[in-house]
S.K.: 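The structure's right below; bear with me while I get my questions together.
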Amino acid sequence: MYDIQTVRADFPVLNRKVNNKPLVYLDNAATSQKPKQVIDSVSNYYCFHNSNVHRGVHTLSVEATDLYEEARQKVGSFINSKKPEQVIWVRNTTEAINLVAKTWGEANINNGDEIVVSEMEHHSNLVPWQQLAEKKGAKLKLVGLDSDYKLDLEQLHSEISNRTRLVAITHMSNVLGTITPIKEIATAAHNVGAKILVDAAQSVPHLNVDVQDLECDFLAFSGHKMLAPTGIGCLYVTEEILSLMDPFMHGGEMVLEVSFEKASWADLPMRFEAGTPNIAGAIAMGSAVDYLKSTGVEAIHAHETSLMKHALGLFDDLEEVTCFGTKDLESRGGVISFAVNGVHPHDLGQVLDSQGVAIRTGHHCAMPLVRSRLNVPATARASFYLYNTLYEVEALISAVDSALSYFGRSSRNN
Ligand code: PMP
């Protein structure tokens, strides 16, 4: 049984009030809150083990290195990486994708080649490929959405050709919640000799992600959206590709031998981790994985689906509110973007904040999707996580309802 009160008790911030109302935190697609187990692991590291990794023979350095590498193992096994060395610590999803674009992309994408992306990509998985395509004379191909806000698979299959070198695709949209069928897309990419990069920023925190089963070549995700601190994230790469990739940055920690004239590179994964890393962040990401595993990612996903079902049902009663995204909850995570006739999302967000309800408003770093496909300047977005309750869903709807009255919009469908 999913014990929501036990989960909530682990998150200190959920006890606070905002504008004299209990905080209802529904901005999880921007960043998640942190349980005390993760906060304690940061504090424990700095209180007892703080030292630089991989450089010292003294006790603290050995302990810090062991904790740092143990965290890599935890995260690697969480996504079912064959080996922990296939997980590279980076700052976030954005850095992970840029790393691939600047190393593998620079070396393997050439004039006339094609990169396939979808129209629901976060800027992090669009702009690096636009830049690379422009630099190399490659072509960026866009796959749209069908009428139910799912990836248009027919178009995807027709866009993938023997010129395709990479399919870079989100696993779960941070605007629509749409889940994409990665395995099918990976097969299509591999059939023409292309690679697949998966933006898993929104999926690893909420779904069971198995890189071997999905057959992805690259997978990028951020710690801060899965209960870990900001400033730590991961790039997973298959062993075969990683062993051929050039380093991203040069300097300390990533070298084997250096003379005044030249240098050779350290083994994997150190070759990709130049400079002193975010040691406490990595260790805390290991603790976040422990927490997610002990709660159960499938149980979390099922909980979020029940919140979505409730929210979509209640939103249906609100005339003047348009919700974007499929109603097929098999293909959707806990994200709802919505627009209210005649009310700017920022104004709506402010009224909701006065009720203690935290949502995000704007283009959610997916400007082309919001502006050109949803045809609105911005949306309001509520996004759920393991600690949200059905009662909080009702608080959201009632805050939206009172905002509608405040802005003079009639609200209820009869
Ligand atoms: N892709 C998706 C789908 C996201 O939701 C996000 C974060 N909102 C990112 C990429 C970028 O993540 P970060 O800002 O941590 O690099």
Side-chain angles (χ1 to χ4, degrees), residues 25-34 75 79 87-102 117-131 143 145 149-151 167-182 185 196-207 209 214 216 218-236 248 277-278 281-282 284-285 288 304 324-325 331-337 358-370 373-374 378-385:
Y25 185 79
L26 302 177
D27 194 17
N28 295 289
T31 200
S32 72
Q33 297 301 344
K34 321 301 173 200
V75 177
I79 57 167
V87 173
I88 299 162
W89 293 117
V90 289
R91 283 185 302 150
N92 47 40
T93 305
T94 306
E95 183 174 308
I97 296 172
N98 274 276
L99 190 162
V100 178
K102 300 266 185 227
V117 299
S118 85
E119 288 184 352
M120 61 184 155
E121 298 312 316
H122 188 283
H123 298 161
S124 298
N125 197 30
L126 175 64
V127 181
W129 307 120
Q130 285 175 343
Q131 292 293 307
V143 179
L145 306 179
Y149 300 98
K150 291 186 191 163
L151 188 69
V167 180
I169 191 100
T170 187
H171 195 183
M172 191 197 291
S173 161
N174 64 313
V175 178
L176 300 167
T178 305
I179 299 170
T180 54
I182 295 299
I185 302 168
I196 176 168
L197 176 141
V198 179
D199 172 354
Q202 186 64 32
S203 63
V204 168
H206 301 273
L207 301 176
V209 172
L214 294 175
C216 35
F218 306 97
L219 184 106
F221 54 107
S222 299
H224 69 94
K225 294 186 33 150
M226 49 184 286
L227 313 182
T230 51
I232 189 73
C234 293
L235 171 67
Y236 158 87
F248 176 38
N278 181 355
M285 191 156 171
E304 290 165 358
F324 301 103
S331 306
R332 182 170 184 178
V335 181
I336 306 187
S337 276
I359 60 158
R360 184 136 302 235
T361 60
H363 50 65
H364 318 296
C365 293
M367 217 186 265
L369 169 69
V370 170
R373 289 294 165 266
L374 308 186
T379 75
R381 181 188 70 187
S383 49
F384 305 124
Y385 210 4

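Computation of the quantities below employed the complete heavy-atom set of this structure, encompassing side-chain atoms and omitting hydrogens, waters and symmetry-equivalent molecules. Counting starts at 1 for both ligands and their atoms, following the listed order. Position 1 is the first residue of the sequence; numbering continues from there. What you are looking at is a predicted structure, and each value in this text was computed from that prediction instead of being measured.
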S.K.: Restricting to side-chain hydrogen bond (donor to acceptor under 3.5 Å, both in side chains), what partner residues turn up for Asn92, sequence neighbours left out?
M.R.: none
S.K.: Just checking, any donor-acceptor pair under 3.5 angstrom between side chains of Thr379 and His364?
M.R.: yes
S.K.: With no hydrogens and no angle check, just 3.5 Å: does a side-chain donor-acceptor pair link His206 and Glu304?
M.R.: yes
S.K.: Could you tell me if His171 and Ser203 have a donor-acceptor pair between their side chains, going purely by distance under 3.5 Å?
M.R.: yes
S.K.: So Tyr149 and Phe324, would you call those rings parallel, tilted or perpendicular, with 30° and 60° as cut-offs?
M.R.: perpendicular
S.K.: Does a donor on one side chain and an acceptor on the other come within less than 3.5 Å for Ser124 and Thr93?
M.R.: no
S.K.: Can you tell me which residues line ligand 1 if we count any heavy atom under 4.0 angstrom from one of its atoms, in chain and number order?
M.R.: Ala29, Asn92, Thr93, Thr94, His122, Ser124, Thr170, Met172, Asn174, Asp199, Ala201, Ser222, His224, Lys225
